[in-house]
Amino acid sequence: MKKSMKRFIAASLMVAMVLSLAACGGSPAPSSPAPTPVPSSDPAPTAPAEPTYGSAVEEAIAKAEKMTLAELEAAAKAELEANPSLTFNADSLTSGVKKALAKFEEKYPWTAGRTAYNSKKGSEYQPKLVAAQKADSYIADFVMIQDASFLKNAMLDTGFLLSYDPSGEGITIADGDKDPLVGVTFNKVFLYDSTKVGKDQLQNVWQMTGVDGVSLKGLSNVSYQNPLGEDINMSFLIMLTSPAACEKLTAAYKSYFGKDYNPADDEASYQNIGYKFVAEFIKNVGYWHSSDTSEVKAINTYADDGRIIFAGLCKLKDYEYYKDDYKDTPQYYTNTVSGAGWNNQVEGFDGFVYNMWTLIPKTAQLPYTSCLFINYIHSQEGFDAGWGGILGYYSSNQNISSVEGDPALSVWKEQCIVEDVAYIDESYASVVKFINMQLAG
């Protein structure tokens, strides 16, 4: 929900409350505990009176967005000093947040010992977020979550998770990444042992349906994590049915089979070429793995089957050959030797690009500290602290470059299927029903 709409709704509610109170002679009770205000002695921006907001946290975020960095730092410091018993809680499923928090405490000594990183697995954490939303209760001051299918319907549409727009020198974020605010972007690609397989094995995505093309052979050695247990893999399959993906699949189909796709040629009646690909891909998966991390760690053991593993590019940080061959060198994680490789010129698409969003619950107790931390992880210093120097991690701050040896995020977005929150939200039920039918055989 955009801020302008939030303000309109909040203003409308306030008018209704005033009219009701005039008739009953009462005074409104706060809908949720408000954070302790910043003492007036601390620096604060001068600005026209703000409109009424739906929550005190929304108001704090709106004020923070107009502050200079120095003013935001002062507001966060005053907030913590005024609440000595509170801890800044950051919930996330990426350990990069934990690393960034450690450097955050070093940068701001007055936060030392006052922050906590809480590791949360998405599928286990989602019910807790929903429960907090329904009870309008505290859960954390900052959350970094993924899974577009959960984000919009369960969280954004309820107004429980809010976006802060970070700004300042060196921070440039595209409008499309601001609401909800993208924190870190990732990609999943098709990985294999480059010493035994070679990049030419997978050249066109239609090979993964197992059917031979005019010059390339079908493949049946793809390893994929079951989408019923991995929400990103489910989102990927859903996005394959989108208009943008269908364009890529149609072009790749013609190149692979030497003819245009004709729905009349299919025995089954598919809604579009994306549904056809999803059905045939699922049927042809050769291996179903339970963990991307474990699979990538074992990538060099699959010499006989030349296994192609759909997994996060960032998982290469756990691959032993990278660590053994390049440990403590500037090339750490960025060279492909004695092991994992990938082809970033696959006809159709190279993989899947998806996000983790950095958001603030409307029941946060330390909203100014939340805004300051978000500002920090979107800076070069903060991003480097949590995710810098590793393949497969990309900041939404356009001024932060990809690690050497890794194509820029803009390149990946051109060559991959890109997550679209709106499409996943509107098509989730029907496409997931179709996917479940294919998984059931």
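Values below: every heavy atom of this structure, side chains too, minus hydrogens, waters and symmetry copies.
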Participant: For the residue pair D406 / W412, report whether a side-chain donor-acceptor contact shorter than 3.5 Å exists.
Facilitator: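 Short answer, yes.
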
Participant: Is the closest side-chain donor-acceptor distance between E79 and T369 under 3.5 Å?
Facilitator: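 Yes, because at least one side-chain N or O of E79 sits under 3.5 Å from a partner of the opposite role on T369.
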
Participant: Is a side-chain donor or acceptor of S95 paired with a backbone partner of K98 at a separation under 3.5 angstrom?
Facilitator: no

Participant: So which atom in V205 and which in A252 form the shortest heavy-atom distance, rounded to 0.1 Å?
Facilitator: CG2-CB, 4.2 Å

Participant: Side chains of E347 and Y256 only: does a donor on one sit below 3.5 Å from an acceptor on the other?
Facilitator: no

Participant: Report yes or no: does N226 contribute a side-chain atom to a donor-acceptor pair with the main-chain N or O of Y224 at less than 3.5 Å?
Facilitator: no

Participant: Less than 4.5 Å apart, any side-chain heavy atom of I360 and any of I374?
Facilitator: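 A side-chain contact under 4.5 Å exists here.
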
Participant: Could you pull out all donor-acceptor pairs under 3.5 Å where a side-chain atom in residues 234-244 meets a protein atom, sequence neighbours excluded?
Facilitator:
residue : atom : partner : partner atom : Å
S235    : OG   : D231    : O            : 3.2
T241    : OG1  : I238    : O            : 2.7
T241    : OG1  : Y423    : OH           : 2.7
S242    : OG   : M239    : O            : 2.7
S242    : OG   : A245    : N            : 3.4

Participant: Regarding D147 and S149, is there a side-chain donor-to-acceptor distance under 3.5 Å anywhere?
Facilitator: yes

Participant: Let's go through W206 and Y253 carefully: what are the C-alpha distance in whole Å and the side-chain angles of both, what is the deciding distance for ring pair (Phe, Tyr, Trp, His ring centres under 6.0 Å) to 0.1 Å, and is it a yes or a no?
Facilitator: CA-CA 7 Å; W206 286 96; Y253 182 96; 5.1 Å; yes

Participant: Decide whether D179 and Y164 meet the rule of one side-chain donor and one side-chain acceptor closer than 3.5 Å.
Facilitator: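 D179 vs Y164: no donor-acceptor pair found between side chains.
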
Participant: Please give me the minimum heavy-atom distance between A76 and L372, naming the atom from each residue.
Facilitator: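 That would be CB-CD2, 3.8 Å.
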
Participant: Identify the residue among K188, K315, R307 that makes a salt bridge (charged side-chain N to carboxylate O under 4.0 Å, His left out) with E295.
Facilitator: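 Going through the options one by one, the only one that passes is R307.
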
Participant: Among F373, Y368, F88, whose side-chain contact (heavy atoms from CB on, under 4.5 Å) with D141 holds?
Facilitator: F88

Participant: Is N343 reaching over with its side chain to a backbone N or O of L202, donor-acceptor style, under 3.5 angstrom?
Facilitator: yes

Participant: So, for G183 and T358, which heavy atoms are closest and what is the spacing to 0.1 Å?
Facilitator: CA-CG2, 3.5 Å

Participant: Give a yes or no on whether the backbone of T87 and the side-chain of Q365 come within a donor-acceptor separation of less than 3.5 Å.
Facilitator: no

Participant: Do D157 and K152 touch side chain to side chain, with heavy atoms closer than 4.5 Å?
Facilitator: yes

Participant: Give me the atom names and distance for the closest heavy-atom approach of N397 to T172.
Facilitator: OD1-N, 3.0 Å

Participant: Are N375 and H378 linked by a side-chain donor-acceptor pair shorter than 3.5 Å?
Facilitator: no

Participant: Between the side chain of E65 and the main-chain N/O of D165, is any donor-acceptor distance below 3.5 Å?
Facilitator: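 The answer is yes, because a donor-acceptor pair under 3.5 Å joins these two groups.
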
Participant: May I ask you to test the N233-F310 pair for a side-chain heavy-atom distance under 4.5 Å?
Facilitator: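 N233 vs F310: side chains touch.
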
Participant: Give the table of side-chain donor-acceptor pairs shorter than 3.5 Å for residues 430-441, with sequence neighbours excluded, one pair per line with atom names and distance.
Facilitator:
residue : atom : partner : partner atom : Å
S430    : OG   : S427    : O            : 3.2
N436    : ND2  : V432    : O            : 3.4
Q438    : NE2  : F434    : O            : 3.3

Participant: I want to check something: taking the side chain as every heavy atom from C-beta on, are L80 and T111 in contact at a cut-off of under 4.5 Å?
Facilitator: yes

Participant: Do you know the tightest heavy-atom contact between A408 and S402?
Facilitator: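 Reported closest heavy-atom pair: CA-OG, 3.4 Å.
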
Participant: When you compare the side chains of D91 and Y125, does any donor N or O come within less than 3.5 Å of an acceptor on the partner?
Facilitator: yes

Participant: Please determine which of W110, Y376, Y117, F142 meets the ring pair (Phe, Tyr, Trp, His ring centres under 6.0 Å) test together with F104.
Facilitator: Y376

Participant: Side-chain contact test, heavy atoms from C-beta onward, threshold under 4.5 Å: evaluate it for F150 versus V130 and give yes or no.
Facilitator: yes

Participant: Shortest non-hydrogen contact from K276 to Y270?
Facilitator: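 Minimum heavy-atom contact is CB-CD1, 3.5 Å.
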
Participant: Walk me through whether W387 and Y394 qualify under ring pair (Phe, Tyr, Trp, His ring centres under 6.0 Å).
Facilitator: CA-CA 8 Å; W387 303 274; Y394 313 92; over 10 Å; no

Participant: Just wondering, do F352 and V418 contact through their side chains at under 4.5 Å, heavy atoms?
Facilitator: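 No - every pair of side-chain heavy atoms lies 4.5 Å or more apart.
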
Participant: Say whether Q380 and D384, considering side chains only, have a donor N or O and an acceptor N or O under 3.5 Å apart.
Facilitator: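 Q380 vs D384: donor-acceptor pair found between side chains.
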
Participant: Please check if the side chain of S223 supplies one atom and the backbone of I308 the other of a donor-acceptor pair under 3.5 Å.
Facilitator: no

